[in-house]
Amino acid sequence: MEKKKFYITTPIYYPSGNPHIGHCYTTVACDTIARFRRMQGYDVMFLTGTDEHGSKIQRNAENAGMSPKEYVDRIVENFKKLWSFMNISYDRYIRTTDDYHIETVQNIMTKLYEKGYIYKSVYKGKYCVPCESFWTDIQLVDGKCPDCGREVVDSEEEAYFLRLSDFTERITDLLKNGDYLYPETRVNEMINNFVKDGLEDLCISRTSVKWGIPLPFDEKHTVYVWLDALINYISALGYENNTYDDFDKFWPADMHMTAKEIVRFHSIVWPALLMMLDIPVPKKLYGHGWIIFNGQKMSKSLGNVIDPLILGEHYGVDAVRYQMLRDMPYGGDSNFSNEIMINRINSDLANDLGNLVSRTVAMVDKYFGGTLPEDKQVDPMDDSLISMATALRETAAECVDNAQLSAALGEIFKVISRANKYIDETMPWILAKDKSKKPRLAAVLYNLLETIRICTSLLCPFMPTAMPRIWEQIGASGEDTEYSKASTFGILSQTVTVHKGDIIFPRIDVEKEIEELNAIIKSGDESNDEDKDGANLEPISETIGIDDFFKSDLRVAKVTFCEKVPKSKKLLRLELDDGFGKRQVVSGIAKWYTPEELVGKKVIVVANLAPAKLCGVESNGMIIAATVGEDAKVLFVDDSIPCGSKLG
């Protein structure tokens, strides 16, 4: 019989910088669902990739002194290395610079143009460069981008538009009456914020951005990066190209997974585009929440990203996968800190699951020499544990069907907790003292091994490396742990042999580990207690007089341009508006800041410092920054303070 098909996608990530734990959540979640479906017997297509065009990539590449393709090639390799490290089992990786994707995009643009859905006009409005997003004045929040909260710029140029306005009713019906977007809160957000007053036609081309796919009917225009990106979901299957031939097999997609800030494009623009092409819309779109760090969304621009490689090396990849999935509530945001991760690993993995496995295996080894006897005595008190274990598969599967991965893990660990309680209820150490109760003791330990088998079978998609190690210890074969047997009790041999092994999830010393991690991970928390107490700070310099202080002329200046200094890994060249004109300063902060993080910010500059040449580039002044351990933190000034204002 032919297998059922399942197609799941991550968004394709924007390689403007290296991946972080925020990227990991979406990808690990999709990987878990893909693995679960494969375990259920589905023929799975799991797609991920990178969205490599647009003005931000073009600018970053120029600042780095390389071509856009060279720039993205380097970062894409880092994404692929991370996915390998995190055990991501994607089936296909798409890059929007791939020839076949470009072919698809251009063919689709031609189709839409010929059908009358694309027309030429002039774009006038607001544009957020970091988000690559167009906005109307009404959509701005306090005059800034509603997604990232950063400044927008005025934009006016000749452009082509997509007739989204023709699809207001159909998109409203899809969101209100269909089962396309979930959770429900995302539906309300989209309708109230973008749809209810009527959709506006979408600007889909730029003449000012050269790093993009040219429109086939007007090559001075490049395709808007978001439209280019959305098309990946069908170009990767071979739609309108000859590289792949999976479109009829896998489309429509069963699940698109995205973070909530890009739901607008996926729930409005993408289905409208498919409707224009007479292609079925995907079955499900899930918009998950954000990882929140110290009260802020995790973001490279805020300097609060966490390197998943560091976390994985410390705790093991499976432990990191588990914590991310366990603590992200359905549709909501999750808080992240080193302490939250360590406590979750200790409580669930070390104490509950790890302890259950090690105690059970140790007791089988101690009381029966590692092999259970055939003779067993059942008891009605076993029924509660057995019924919970055998009902678990369907409960967990229903949660996974709806991307409620935290809930699925919660259900599995309810059974694990029940098994630990069962040990306390049956007291195997007391039974072992009476030879006549050996059959009862054997039954108790067998029930524990079977419960572990069922729970770890269902945990394997979440933690694919650690679970097979547990199976080896409890004497389970690959066939024993198949999904088809996860709702049946009594699969293990009645005379199963266990094998004592290393502790799967060692308990972590919380205080020691947090101290070590905080020394490694750049947390971005300037209220750190060590800094308050003066630890690791440079000693205060010798006393100076007030006249000496006033010799330094400190002024507020705005960064209008920034780039890396060629042949230097440390230096940035900044052009400043100091209130009197243009000023050039060279600063050794390239290790801590990218050029795009500085442009538009107001800083403090020592304006009367004698000129100096650094790597052959003249510097007229010095940016004020604080030394925090091994890091440098530029002191930014409130935007309301005029350029040229004097400090002191």
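Values reported hereafter were calculated over all heavy atoms of this structure, with side chains retained and with hydrogens, waters and symmetry mates removed.
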For Glu240, is there an ion pair with Lys111 - N to carboxylate O distance below 4.0 angstrom? yes
Please find out if less than 6.0 Å separates the ring center of Tyr330 from that of Tyr286. yes
Could Lys284 and Tyr182 be counted as a cation-pi pair, given that NZ or CZ must be under 6.0 Å from the ring centre and within 45° of the axis? yes
Please step through side chain to side chain donor-acceptor pair (under 3.5 Å) for the pair Thr9 and His256, ending with a clear verdict. CA-CA 5 Å; Thr9 71; His256 287 324; 2.7 Å; yes
Note: Leu405 and Phe462 closest approach over all heavy atoms is O-CE2, 4.0 Å
Taking 4.0 angstrom as the limit, do Glu200 and Arg163 come out as a salt bridge? no
Residues Arg37, Gln40; criterion side chain to side chain donor-acceptor pair (under 3.5 Å); working and verdict: CA-CA 5 Å; Arg37 284 288 186 260; Gln40 291 176 311; 2.7 Å; yes
Thr456 vs Trp471, side chain to side chain donor-acceptor pair (under 3.5 Å): CA-CA, chis, key distance, verdict: CA-CA 8 Å; Thr456 54; Trp471 300 340; 2.9 Å; yes
Does Lys80 make a cation-pi contact with Tyr93 (under 6.0 Å, within 45 degrees of the axis)? yes
Which heavy atom of Val28 sits nearest a heavy atom of Met86, and at what distance? CG2-CE, 4.0 Å
Determine, for Phe194 and Arg264, whether the Lys NZ or Arg CZ falls below 6.0 Å from the six-membered ring centre while staying within 45 degrees of the axis. yes
If I compare all heavy atoms of Ser267 with all of Tyr180, which pair ends up nearest, and what's the gap? CA-CE2, 3.8 Å
For Tyr14, does its backbone N or O pair with a side-chain atom of Asp51 as donor and acceptor, under 3.5 Å? no
Please work out whether the ring planes of His23 and Tyr13 are parallel, tilted or perpendicular, with thresholds of 30° and 60°. perpendicular
Heavy-atom count around Glu472 CD within 6.0 Å, excluding the residue itself: above 12? no
Apply the side chain to side chain contact (heavy atoms under 4.5 Å, CB included) test between Thr451 and each candidate in Val415, Ile386, Leu356; give the one that qualifies. Val415
Please evaluate residues Glu425 and Arg418 with respect to the criterion salt bridge (Lys or Arg N to Asp or Glu O under 4.0 Å), reporting the C-alpha separation (whole Å), side-chain torsions for both, the decisive distance (0.1 Å), and the verdict. CA-CA 10 Å; Glu425 292 171 344; Arg418 182 67 187 86; 3.2 Å; yes
Verify, without hydrogens or angle tests, whether Thr360 (side chain) and Val357 (backbone) share a donor-acceptor contact under 3.5 angstrom. no
Geometric class of the Tyr446/Phe489 ring pair [parallel <30°, tilted 30-60°, perpendicular >60°]: perpendicular
Would you confirm whether the ring centroid of Tyr42 sits within less than 6.0 angstrom of the ring centroid of Tyr483? no
For residues Tyr233 and Phe250, establish whether the separation of their ring centroids is below 6.0 Å. no
Of all heavy-atom pairs between Pro11 and Thr26, which one has the smallest distance, and what is that distance? CD-CG2, 3.6 Å
With a 3.5 Å distance limit and no angle check, can you tell me whether Arg186 reaches the backbone of Gly287 through a side-chain donor-acceptor pair? yes
Backbone N or O of Ile262 within a donor-acceptor pair of the His266 side chain at under 3.5 Å? yes
Please identify which of these residues, Thr32, Asp31, Ile33, meets the side chain to side chain contact (heavy atoms under 4.5 Å, CB included) condition with Pro461. Thr32
Is the side chain of Asn346 donor-acceptor paired with the backbone N or O of Ile508 at a distance under 3.5 Å, no angle test? yes
Closest heavy-atom contact between Glu52 and Pro15? CG-CG, 3.9 Å
Do Lys5 and Asp254 sit within salt-bridge range, that is, some charged N less than 4.0 Å from a carboxylate O? no
Any donor-acceptor pair under 3.5 Å from Asn232 side chain to Asp228 backbone: no
Check: Leu164 main-chain N/O paired with Asp201 side-chain donor or acceptor under 3.5 Å: yes
Minimal non-hydrogen separation, Asp327 against Ser334, with atom names: O-CB, 2.9 Å
Cut-off 3.5 Å, side chains only: do Arg38 and Ser89 have a donor facing an acceptor? yes
Take Arg326 and Asp348, measure what salt bridge (Lys or Arg N to Asp or Glu O under 4.0 Å) needs, and give me the verdict at the end. CA-CA 10 Å; Arg326 185 70 176 89; Asp348 292 12; 3.7 Å; yes
Would you say the rings of Tyr244 and Tyr100 are close, in the sense that their centroids are separated by under 6.0 Å? yes
Would you sort out whether Thr481 and Ser457 count as a side chain to side chain donor-acceptor pair (under 3.5 Å), showing the intermediate values? CA-CA 5 Å; Thr481 58; Ser457 297; 4.8 Å; no
When rounded to the nearest 0.5 angstrom, what distance separates CE in Met276 from CZ in Phe167? 4.5 Å
According to the interplanar angle, ranging from 0 to 90°, do the rings of Phe247 and Tyr239 count as parallel (below 30°), tilted (30 to 60°) or perpendicular (above 60°)? tilted
